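Written below as structure tokens is the structure these notes are about.
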Amino acid sequence: MNPILLCQHCGNKTSHTIIEKGLEKEYAEFEDGVTYDIDIDLWFTKCDNCHKHSLFFCLNDNSDESSCLWPNERRIDQAVPKKINIAYKEAIKVKKISKIAFIILIRRSLEILCKHEKVNGKDLKSKIKKLGEFEIIPQKLTDMADLIRLLGNDGVHKTDITISDNEINLLDDFFLAIIEYIYIAPEKIKKIKNRIEKK
Ligand SMILES: [Zn+2]
């Protein structure tokens with residue numbers, strides 16, 4: 001049976017046909033005398049939904065322990081609130097198909113983030129300002145958020161706007177930086193602290 005993998009082209013978790021398999025054996029030493037053999041499988045696949053090619057890395061031939069090496073995978077951490085996570089995934093789904101749709105949806109993700117953080121205001125501009133004022137995000141990140149808002153405005157109101165792939169990737173990076181700062185980094189710090197305190 002074809003493995004179920006998350007396609008980074010069409011954004012669907014769907015079956016993939018494996019065209020070529022490669023096996024790499026790695027040897028890791030964790031402590032003195034404690035060693036492990038690790039089987040790393042490389043799968044060159046074709047998505048059964050969109051028919052595009054990808055390269056997956058997986059451990060021990062298990063699709064549950066896989067990640068996509070190409071195209072670059074954008075994995076959202078569990079620490080990100082569900083509604084924001086879903087909104088961002090929707091944006092990612094359309095990224096390759098329509099830049100305007102991506103911008104509109106990434107702007108919508110930002111609106112949802114503001115709502116989740118209980119930041120109110122008459123428009124997105126004032127909400128972003130408050131994210132900074134309440135120190136939910138630092139000033140540099142409010143500049144980034146405001147850029148998403150500005151480009152989102154253009155995406156909504158102008159039909160002749162041309163946006164480069166690079167700008168689209170920047171917007172994506174900005175949004176990821178914001179959610180990393182608010183949700184992912186604090187969760188990581190908490191986990192590390194818990195581990196240290198247990199020792
Ligand atoms: Zn696909």
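Model, not experiment: these values are computed from the prediction. Numbering starts at 1 and runs along the sequence shown. All heavy atoms count here, side chains included; hydrogens, waters and symmetry mates do not. Both ligands and their constituent atoms are indexed starting at 1 by order of listing.
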- Identified side chain to side chain contact (heavy atoms under 4.5 Å, CB included) counterpart of T45 within the set I19, L5, L55, N2: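 That would be L5.
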
- Task: Under 2.8 Å from the Zn ion (ligand 1), which protein N, O or S atoms are there? Could you list them by chain and number?
- Result: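 Short answer, with waters excluded from the count: C7 SG, C10 SG, C47 SG, C50 SG.
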
What residues, two or more places apart in sequence or in another chain, satisfy ring-ring contact (aromatic ring centres under 6.0 Å, His included) together with [X]?
| X | value |
| --- | --- |
| H51 | none |
| F134 | none |
| F102 | none |

- Step by step, work out the side chain to side chain donor-acceptor pair (under 3.5 Å) result for N85 and Y183. CA-CA 11 Å; N85 199 339; Y183 307 111; over 6 Å; no

- Task: Could you check L176 against Y88 for side-chain contact (heavy atoms from CB on, under 4.5 Å), going step by step and ending with a plain yes or no?
- Result: CA-CA 9 Å; L176 285 174; Y88 177 71; 3.6 Å; yes

